Amino acid sequence: MTVFHTARSCFFGLALLALSACQTTPPTSGPQPVQAVSDETILQALARHHNSVHSVRSFVTTRIRTRLVDHVLRQTVVARNDRSIRLDTLSNFGQPLGVFIFNPGNIQIYDPQKNVVHTGAEAWYMMADLFGTSFDFAEFISVFLGKVPRYDRLKVERITARAGNLYVMDAEDPIRKERTRIEIDADTLHPVGMTRFKNGEALYSVVWTEAKWIGAVYFPHRVTVQRHHENDEVILSYRNPQVNPAISDDVFELFPGRAAP
């Protein structure tokens with residue numbers, strides 16, 4: 001009897017040992033390594049994205065934070081071809097409070113309550129009153145379209161994989177003598193962030209989030225811009241944007257067909 005019990009105990013012990021050896025080791029926690037993708041594939045994806053967005057029309061909520069103010073504006077935005085933008089600021093009841101139009105070399109601000117148009121240097125001062133800060137829209141229209149400014153002029157230096165499911169591309173703008181670091185989502189190969197540098201100092205940073213497919217375009221519905229020297233931040237949150245609608249030239253005219261008052 002004792003021999004039988006001893007043999008049975010040995011048998012069960014060996015069986016348990018075999019079962020434990022066959023169990024799968026649980027996966028380790030922590031960020032998984034980024035799957036290797038060729039630099040050529042990444043560059044092709046970025047170029048496709050850059051060339052796929054031409055215009056946008058949308059309601060937006062704009063939050064502006066500066067040293068002195070922190071306020072939220074209800075606006076409509078129309079932007080086209082990285083060159084032109086129109087922002088209409090609305091009251092809580094949808095009434096126009098101001099119209100801002102930027103075309104290359106031309107800026108206009110219309111005050112509908114006073115029926116006055118401000119242009120040139122006066123418009124830049126009015127912009128500070130209207131938005132709480134002055135903004136170089138020639139630089140940031142591309143950003144609001146979800147694209148890296150001057151992307152087609154950048155000279156790529158290297159692309160590296162980083163933790164957090166990112167690729168990071170370092171590039172130089174040989175004309176401006178500026179450097180750009182672009183963060184790229186490893187799954188979608190779309191830009192999700194960038195920082196621009198001059199003389200080793202960060203000028204501004206951008207974060208693109210809440211991206212969704214609109215037709216064939218993967219478009220960010222939230223754009224955050226931080227300017228480091230000015231110590232300010234602008235956040236655009238899109239609501240039901242139209243991407244790549246046809247936009248006529250007269251959208252960027254205050255009074256198409258007639259002279260301004």
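Along the sequence shown, the residues carry numbers beginning at 1. Quick note: numbers below take in every heavy atom, side chains included, and nothing from hydrogens, waters or symmetry partners. Since the model is a prediction, treat every value here as computed from it, not as a measurement.
- Atom CE of residue M126 and atom NE2 of residue H118 lie 4.0 Å apart, to the nearest 0.5 angstrom.
- In this structure, the ring of Y110 has its center less than 6.0 angstrom from the ring center of F255.
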Stepwise side chain to side chain contact (heavy atoms under 4.5 Å, CB included) test for T66 and N231: CA-CA 7 Å; T66 72; N231 193 27; over 6 Å; no
Salt bridge (charged side-chain N to carboxylate O under 4.0 Å, His left out) between R179 and E157, worked out: CA-CA 10 Å; R179 308 184 73 80; E157 296 177 334; 2.3 Å; yes
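- Taking a 6.0 Å sphere around CG of D136, one finds it holds more than 12 heavy atoms contributed by other residues, nucleotides or ligands.
- Rounding to the nearest 0.5 angstrom, the gap separating the CD atom in E178 from the CZ atom in R153 is 12.0 Å.
- When side chains are defined from C-beta on, V143 counts as touching V223, because their heavy atoms get closer than 4.5 Å.
- Heavy-atom minimum distance, G146 versus P220: CA-CG, 3.8 Å.
- Both V148 and L43 belong to a single network of hydrophobic side chains, linked directly or stepwise wherever heavy atoms of I, L, V, M, F, W or Y lie under 4.5 Å apart.
- Annotation for A171 and L154: closest pair CB-CB, 4.0 Å, computed over non-hydrogen atoms.
- Residues T62 and I235 form no side-chain contact, since every pair of their non-hydrogen atoms from C-beta on lies 4.5 Å or further apart.
- I85 places none of its side-chain heavy atoms less than 4.5 Å from the side chain of R80.
- Residues I184 and F197 do not share a hydrophobic cluster, clusters being chains of Ile/Leu/Val/Met/Phe/Trp/Tyr side chains in contact below 4.5 Å.
- Atom CG of residue D88 and atom CG of residue L73 lie 12.0 Å apart, to the nearest 0.5 angstrom.
- In this structure, V225 is a member of the same hydrophobic cluster as L236, with clusters built from ILVMFWY side-chain heavy atoms closer than 4.5 Å.
- Between F137 and F100, the distance separating the two ring centers is shorter than 6.0 angstrom.
- In summary, the side chains of R181 and T195 do not present any donor paired with an acceptor at a separation below 3.5 Å, with no hydrogens or angles considered.
- Counted by atom type alone, T119 and Q108 present zero donor-acceptor pairs between their side chains at under 3.5 Å.
- Taking the ring centre of Y204 as origin, the terminal cationic atom of R227 falls outside the region bounded by 6.0 Å and 45° from the ring axis.
- Residue R222 holds its CZ atom at 5.0 Å from OG1 of T224, rounded to the nearest 0.5 Å.
- V156 and L46 fall within a single hydrophobic cluster, where Ile, Leu, Val, Met, Phe, Trp and Tyr are joined by side-chain heavy atoms under 4.5 Å apart, directly or via other members.
- Closest approach of D187 to N165, counting heavy atoms only: OD2-ND2, 2.8 Å.
- Remark: the backbone N or O of E253 is not paired with any side-chain donor or acceptor of D250 at under 3.5 angstrom.
- The shortest side-chain heavy-atom distance between P149 and M194 falls under the 4.5 Å cut-off.
- L145 and L189 fall within a single hydrophobic cluster, where Ile, Leu, Val, Met, Phe, Trp and Tyr side chains are chained together by heavy-atom contacts under 4.5 Å.
- Put simply, the side chain of S55 gets close to the backbone of P245: a donor and an acceptor are under 3.5 Å apart.
- Annotation: Y218 is in aromatic contact with H190 [ring centroid separation under 6.0 Å].
- V117 has its side chain within reach of L254: a pair of non-hydrogen atoms, C-beta onward, lies under 4.5 Å apart.
- Between A79 and I141, the closest heavy-atom pair is CB-CG2, 4.2 Å.
- Note that the CG atom of D152 and the CG atom of N51 stand 8.0 Å from one another [nearest 0.5 Å].
- When side chains are defined from C-beta on, T76 counts as touching L90, because their heavy atoms get closer than 4.5 Å.
- A heavy-atom distance below 4.5 Å is found between the side chains of E201 and H229.
- Side-chain N or O atoms of K147 include one that pairs as donor or acceptor with a backbone N or O of V53 at under 3.5 Å.
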Worked verdict on Y151 versus H49 for side chain to side chain contact (heavy atoms under 4.5 Å, CB included): CA-CA 11 Å; Y151 175 76; H49 175 70; over 6 Å; no
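- For the residue pair S205 / Q226, no side-chain donor-acceptor distance below 3.5 Å is found, with atom types taken as modelled.
- Under 4.0 Å is where a charged nitrogen must lie from a carboxylate oxygen, and between R150 and D173 at least one such pair does.
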Intermediate values then yes/no, salt bridge (charged side-chain N to carboxylate O under 4.0 Å, His left out), E139 and R196: CA-CA 11 Å; E139 180 77 13; R196 183 145 289 172; 2.9 Å; yes
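- The two atoms that bring A123 and I109 nearest to each other are O-CD1, 3.2 Å, heavy atoms only.
- Side chain of R158 to backbone of M169: no donor-acceptor contact under 3.5 angstrom is found.
- How far CG of D170 is from OG1 of T160: 6.5 Å, rounded to the nearest 0.5 Å.
- Proximity of V192 to T209: side-chain heavy atoms (C-beta onward) are nowhere separated by under 4.5 Å.
- Between the side chain of R74 and the main chain of F93, no donor-acceptor pair closer than 3.5 Å is present.
- Side-chain atoms of T61 and S237 include no donor-acceptor pair closer than 3.5 Å.
- A donor-acceptor pair is defined here as one N or O able to donate and one able to accept, closer than 3.5 Å; such a pair exists between the side chain of R86 and the backbone of V251.
- Side-chain atoms of Y167 come within 3.5 Å of backbone N or O of V37 as a donor-acceptor pair.
- Proximity of a side-chain donor or acceptor of K198 to a complementary backbone N or O of R176 within less than 3.5 Å is detected.
- Among F144, W208, Y238, the single residue meeting the ring-ring contact (aromatic ring centres under 6.0 Å, His included) criterion with F219 is Y238.
- No side-chain donor-acceptor contact under 3.5 Å links N81 to the backbone of R83.
- A donor-acceptor pair under 3.5 Å is absent between the side-chain atoms of H71 and the main chain of V69, judged by distance alone.
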